[in-house]
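Structure record follows, encoded as structure tokens.
Numbers restart at 1 for each chain; the letters A, B, ... are given by sequence-line order, proteins then strands. All figures in this text were calculated on a predicted structure; none of them were measured in a lab.
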There are 2 protein chains.
Amino acid sequence: MAKTATGQVAAGAMIDEAAAVDIGELSQLVGYAVKRAQLKLYEDFLKCVAALQLTPAQFSVLLVLERNPGRNQTEVARALGILRPNFVAMLDGLEARGFCARSRSTTDRRSHELSLTEKGRVALLRARRIIASKHEARLSGLLGPDDRATLLRILGKIVREF
Amino acid sequence: MAKTATGQVAAGAMIDEAAAVDIGELSQLVGYAVKRAQLKLYEDFLKCVAALQLTPAQFSVLLVLERNPGRNQTEVARALGILRPNFVAMLDGLEARGFCARSRSTTDRRSHELSLTEKGRVALLRARRIIASKHEARLSGLLGPDDRATLLRILGKIVREF
DNA sequence: TATTGTTATACTCTATAACTATA
DNA sequence: TATAGTTATAGAGTATAACAATA
């Protein structure tokens with residue numbers, strides 16, 4: 001009884017055999033807090049879209065292709081912070097599943113103009129709905145609209161100006 | 001002249017040859033914003049302590065050992081979210097550099113009681129000073145004390161309750 | 001039987017150099 | 001010569017199974 005593997009105190013003011021390890025000032029370091037939050041959010045995102053077999057990175061590619069049809073691999077990869085060599089296998093996977101297409105540009109035969117297929121559009125629609133109704137909804141419920149907006153504002157400042 | 005590789009507009013209202021790719025609603029997804037901010041912060045942290053040859057993960061281990069002497073590998077690894085098998089090589093590296101020590105527990109000869117050496121204490125002191133004066137100082141300067149505290153509060157809520 | 005530290009291993013991410021075909 | 005897509009490859013980081021010593 002009294003399963004206290006994570007160090008919680010059992011009912012009745014019973015002290016756990018081993019006090020919790022103290023991470024000290026680590027919890028006051030922004031980088032550490034961001035890292036821990038990122039792992040939590042990534043894990044939940046993955047669980048939410050598991051049924052669709054999409055990773056956060058794949059989801060982000062579909063989103064960008066929808067909004068930027070005709071762009072080439074270099075442009076899309078750079079916008080998402082993905083290195084061009086690593087983007088190749090990613091696109092291969094999405095293309096093999098029929099979610100997107102490469103077509104040689106007529107004006108520059110080195111480039112591939114990227115586009116979402118109809119199947120890709122459907123997958124993106126489903127994913128977007130699940131993310132909104134499960135993942136983001138739960139997060140908004142926890143934080144409330146004000147804190148959610150504040151968090152986005154502060155993180156955006158770090159991304160753009162730090 | 002007019003180095004616009006990243007899509008910035010040059011002086012004189014000159015329009016860049018290729019408009020920036022639009023990442024759309026991605027910028028409104030908390031998970032994406034957190035991920036991008038995490039990469040920025042990690043990169044700067046790494047640059048700041050490059051002279052000391054410490055990664056954020058190694059820094060966090062030294063911090064926890066200082067505040068929790070005598071704990072074993074399982075306890076410290078779990079507090080930091082590191083899997084026990086992966087913690088072995090990490091400790092090997094820190095021990096080889098003389099920053100920490102393992103000693104067999106007298107009460108449970110399976111465990112190693114971990115401790116910081118004097119050399120580890122010195123390295124931690126230096127790292128802490130650099131992080132405070134360079135990394136965190138620059139971030140606080142960008143955000144201001146209120147936004148920094150707010151960010152820590154919201155991220156802490158996600159880590160603990162999401 | 002359960003736990004600690006450990007080894008082995010595998011899979012994903014990320015990073016760099018270099019090739020090809022085009023420009 | 002420079003660029004787009006690609007290949008090969010190497011290094012982190014992370015994950016699980018299993019083993020020896022000990023409880």
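Backbone-only contact: A/Asn72 has heavy atoms under 4.0 Å from sugar-phosphate atoms and none from a base.
The listed nucleotides are C/dG5, C/dC13, C/dA15; the one nearest the side chain of B/Val88 is C/dG5. Counting only heavy atoms from C-beta on, A/Arg109 has its side chain closest to C/dA23 among D/dG5, D/dT14, C/dA23. Closest to the B/Pro85 side chain, of the nucleotides D/dT16, C/dT4, D/dT6, is D/dT16. For B/Arg84, counting side-chain heavy atoms from C-beta on, the closest listed nucleotide (C/dT6, D/dG5, D/dA15) is C/dT6.
For B/Glu75 and C/dT3, the CD to P distance is 14 Å, given to the nearest whole Å. Rounded to an integer number of Å, the gap from CZ of B/Arg102 to P of C/dG5 is 9 Å. Taking atom CD of A/Gln73 as the reference point, atom P of D/dT7 lies 10 Å away to the nearest angstrom. Look at CG on A/Leu83: it is 19 Å from P on D/dT9, rounded to the nearest Å. Atoms CE (B/Met90) and C1' (C/dT6) sit 16 Å apart, rounded to a whole Å. In this structure, CZ of B/Phe87 is placed 16 Å from P of D/dA15, rounded to the nearest angstrom. The distance between atom CZ of B/Arg71 and atom P of C/dG5, rounded to the nearest whole Å, is 12 Å. Between B/Glu43 atom CD and D/dA12 atom P there is a gap of 17 Å when expressed in whole angstrom units.
Remark on DNA chain C: of its neighbouring residues B/Glu113 and A/Ala57, the 5'-side contact belongs to B/Glu113, judged by nearest-heavy-atom nucleotide. Residue order along DNA chain D, read from the 5' end via each residue's closest nucleotide, puts A/Leu91 first among A/Leu91 and A/Leu39. Between A/Arg104 and A/Asn86, the residue whose closest nucleotide on DNA chain D is further toward the 5' end is A/Arg104.
Counting heavy-atom neighbours within 6.0 Å of A/Gln53 CD, excluding the residue itself, gives a total of 12 or less. The 12-atom threshold is not exceeded at NZ of B/Lys134, counting heavy atoms of other residues, nucleotides or ligands nearer than 6.0 Å.
The side chain of B/Ser111 contributes no N or O atom lying less than 4.0 Å from OP1 or OP2 of D/dT22. For the OP1/OP2 pair of D/dA12 and a distance below 4.0 Å, the side-chain nitrogens and oxygens of B/Tyr42 include no atom meeting the criterion.
For B/Arg110 against C/dT3, a side-chain N or O and a base N or O form a donor-acceptor pair under 3.5 Å. Checked by distance alone, A/Asp108 brings no side-chain donor or acceptor within 3.5 Å of a matching partner on the base of D/dA4.
Judged purely by atom type and a 3.5 angstrom limit, B/Asn86 has no side-chain atom pairing as donor or acceptor with the backbone of B/Ile82. The backbone N or O of A/Ser111 sits nowhere less than 3.5 Å from a side-chain atom of A/Ser105 that would complete a donor-acceptor pair.
Between B/Glu43 and B/Lys40 there is no salt bridge, since no side-chain N of the basic residue sits under 4.0 Å from a carboxylate O of the acidic one.
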